[in-house]
Protein chains: 2
Amino acid sequence: MRLEIDDLVARIERLREYLTIKSLYWDFDANEFVWLDTRQIPWSEVYVRTRDYRRVAQAIKDMEIRGAPAIGISAAFGMALAAMYSRATSVDALLSDLSQAREVLASTRPTAFNLFWALDRSWAAAKRAAEAEKDADAVRASVLREALTMYVEDVESNVNMGRAGSKVIEDGMRIVTHCNTGSLATAGFGTALGVIRYAWLEGKKIKVYADETRPLLQGARLTVWELKKDGIPVTLLVDGASGLLFRRNMADLAIVGADRITLSGHVANKIGTYNLALAANASGRPFYVAAPTSTVQPVEGEDKIVIEERSPDEVTTVLGRLTITVEGVEAFNPAFDITPPELITGIITEKGIATRPYEKSLREMLGLS
Amino acid sequence: MRLEIDDLVARIERLREYLTIKSLYWDFDANEFVWLDTRQIPWSEVYVRTRDYRRVAQAIKDMEIRGAPAIGISAAFGMALAAMYSRATSVDALLSDLSQAREVLASTRPTAFNLFWALDRSWAAAKRAAEAEKDADAVRASVLREALTMYVEDVESNVNMGRAGSKVIEDGMRIVTHCNTGSLATAGFGTALGVIRYAWLEGKKIKVYADETRPLLQGARLTVWELKKDGIPVTLLVDGASGLLFRRNMADLAIVGADRITLSGHVANKIGTYNLALAANASGRPFYVAAPTSTVQPVEGEDKIVIEERSPDEVTTVLGRLTITVEGVEAFNPAFDITPPELITGIITEKGIATRPYEKSLREMLGLS
């Protein structure tokens with residue numbers, strides 16, 4: 001079976017300096033998909049490898065893999081595994097196996113937008129190859145090629161975002177971030193953390209303040225771990241301390257990621273983001289959002305964003321390991337909040353930085369009329 | 001030994017309906033001091049009783065007893081125990097024992113303002129009695145009387161604060177609070193939580209949202225426990241969720257306590273208070289502070305307030321029980337933050353509600369020129 005992926009291998013090779021932490025990747029020798037189990041970070045570093053797409057589905061469901069881009073790309077690699085290790089010899093039998101894999105992978109995180117985007121793209125590639133070449137191995141190669149393309153595009157996009165965003169970071173700046181938006185949330189490098197990494201690679205002596213990000217503590221667990229790996233100075237704080245940090249002139253700007261952005265410039269991101277935006281703005285400091293243009297949804301206004309409420313257990317315990325309140329108490333546990341455009345200095349994308357009014361700048365960036 | 005404390009016993013009796021949770025008290029039958037070990041709340045309810053002032057000192061040091069008013073009053077009861085169980089027969093020998101007890105109690109929390117205020121008051125009472133009556137038992141009675149007076153004054157002050165503050169709470173309101181300012185932080189009833197309790201006792205159908213209050217989780221552990229005890233509806237949230245709560249019109253106002261208030265109206269309170277004030281103000285909702293006038297310091301401007309930085313371990317772990325980040329990472333762990341007067345709708349005290357400009361209203365309230 002000829003894969004014809006040398007061009008993609010070369011593109012990945014060129015990104016080597018940006019991939020200091022390989023949170024997920026395709027092993028070309030073993031033809032296996034490999035990922036870091038983020039649930040065990042920072043306590044231990046466990047890489048999992050598999051040839052079974054069902055194991056990938058389980059990893060997404062159990063949040064071994066988290067972060068919208070990472071979920072999407074892993075699902076695409078799940079499809080590649082399903083294609084590669086299917087025993088089908090005919091195109092129809094292979095498509096039938098792929099359809100089943102798609103269903104299993106889609107059922108893992110039913111509210112994850114990127115998951116469906118990635119599965120649709122993978123499925124479309126399979127169909128195209130099936131129609132064009134009528135050969136099962138050609139379909140196999142095409143599905144793997146699509147997964148690798150998504151992977152390399154995500155890292156390239158992050159690096160371009162980092163290059164664009166680094167322009168707002170000056171030497172010596174102290175930057176606050178929220179949640180995890182790094183290698184552990186993407187194919188590699190990161191969005192907001194990619195901007196911070198890029199500034200660091202350019203030799204700027206920066207310092208990061210990481211919000212711990214209750215309830216799931218992605219800041220304390222993942223962001224601190226990543227920054228320590230790269231040798232970037234980092235200080236941890238509780239989410240409630242960001243106001244004082246800015247007020248006492250200990251931080252210069254904030255950068256966060258985004259789950260969804262509307263054309264009006266309303267940003268849905270991990271709960272706590274809006275409070276951080278208020279803190280930065282109250283002290284007259286810039287507040288940036290870094291996200292690929294694919295995050296922008298063609299809707300306007302915050303009422304268009306439905307906010308997922310998650311299990312109260314995430315609030316009444318710490319990571320399910322320690323109960324911190326009275327049993328059975330009610331908890332308000334929204335997955336994310338909305339930051340309005342008037343609090344956002346700029347939206348950093350792989351195509352440059354959009355500024356207010358976002359209705360205009362985001363439309364132009366996306367080529368919408 | 002005649003104690004002559006019937007008037008105080010009667011005053012305490014009249015406060016019965018407000019003392020639903022007795023976090024600390026004097027046992028008149030056993031002549032012992034009794035307190036609830038707050039470190040074990042909400043997991044278990046353990047009352048500790050002692051005749052040994054050293055045990056009280058240990059309880060303050062180890063934070064079995066916490067909250068500025070509770071610490072002060074407990075120290076005064078520690079002095080009462082030292083007087084009561086001293087074997088001294090002469091006034092001089094008793095004063096010498098009391099002086100030693102004062103030193104031991106003062107060394108427990110060297111930055112606690114209320115601790116020194118209470119010990120000074122206790123010591124002054126002992127000296128007064130020694131000079132007036134030249135009798136060891138008269139000194140003993142006087143020191144106990146002073147402790148009981150501080151106790152009853154604190155509860156009465158809280159109830160008066162509750163009555164004054166309840167005027168801003170309307171039937172059906174949804175109230176956000178931060179940290180613990182209830183019976184577990186005072187002699188009983190509470191400051192901000194006292195206002196909430198008073199409104200509830202008046203029959204207003206209110207609902208409370210409790211910030212969990214990282215790092216030490218006083219909201220999740222103590223406030224939720226107290227409100228559940230009193231049957232007041234409560235919902236827990238992470239500190240970062242308050243912005244969305246107000247933005248989605250799920251809360252009507254916020255009330256918090258205070259560690260220190262300057263004459264300019266700057267309020268030092270548990271870290272996270274300022275972020276909550278920003279959240280309430282951003283949605284145009286009132287933000288109140290409830291504290292006795294004794295909290296007001298005769299200085300102006302936030303630069304007059306030194307902010308205690310506590311051990312990074314409080315941030316890198318949850319209550320010392322669970323490590324949540326990479327070992328050895330730096331942490332920013334200020335004990336409290338500063339909320340500026342422009343974000344504060346009113347300061348509720350036992351003498352009424354002060355409003356802007358605070359320079360004027362607080363001076364008038366305190367009778368300063």
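Chain identifiers are assigned alphabetically (A, B, ...) following the order of the sequence lines, protein sequences preceding nucleic acid strands; residue numbering begins at 1 within each chain.
Closest non-hydrogen pair, B/E212 versus A/V315, comes out as OE1-O, 4.2 Å.
Most heavy-atom pairs under 4.5 Å with chain A, from the set B/L236, B/L245, B/T323, B/T273: that is B/L236. Annotation: maximal heavy-atom pairing with chain B below 4.5 Å, among A/P215, A/P340, A/A282, A/P233, occurs at A/P340. The candidate from B/L222, B/V224, B/L276 with the greatest count of non-hydrogen atom pairs under 4.5 Å with chain A is B/V224. With chain A as partner, the option from B/A220, B/G272, B/A210, B/G243 having the largest number of non-hydrogen pairs under 4.5 angstrom is B/A220. Between chain B and the options A/T316, A/T235, A/N333, heavy-atom pairs under 4.5 Å are most frequent for A/T235. When B/L227, B/I271, B/D211, B/L319 are compared by the number of non-hydrogen pairs under 4.5 Å with chain A, B/I271 comes out ahead. When each of A/V326, A/D239, A/T213 is scored by its heavy-atom pairs under 4.5 Å with chain B, the top score falls to A/V326. Most heavy-atom pairs under 4.5 Å with chain B: of the set A/A241, A/A279, A/G219, this distinction falls to A/A241. Note: A/E330 leads A/E330, A/M250, A/E314 in heavy-atom pairs under 4.5 Å with chain B.
How far CZ of B/R248 is from CD of A/E302: 6.0 Å, rounded to the nearest 0.5 Å. Note: B/R247 CZ to A/D337 CG = 9.0 Å, rounded to the nearest 0.5 Å. Between the OG1 atom of B/T325 and the CD1 atom of A/I41 there is a distance of 11.5 Å, given to the nearest 0.5 Å. Taken to the nearest 0.5 Å, the CD1 atom of B/I307 stands 4.5 Å off from the CG atom of A/L244. Within the model, atoms CG of B/N281 and CG of A/L278 stand 10.0 Å from one another, a figure rounded to the nearest 0.5 Å. Between atom CG of residue A/L217 and atom CZ of residue B/R214 there is a gap of 6.5 Å, rounded to the nearest 0.5 Å.
Within the 4.5 angstrom heavy-atom criterion, no atom of B/K229 approaches chain A. For B/Y274, the part lying near chain A is the side chain, with the backbone staying farther off; criterion is any non-hydrogen pair under 4.5 Å. Interface remark: A/P334 contributes side-chain atoms only to the contact with chain B (heavy atom separation under 4.5 Å).
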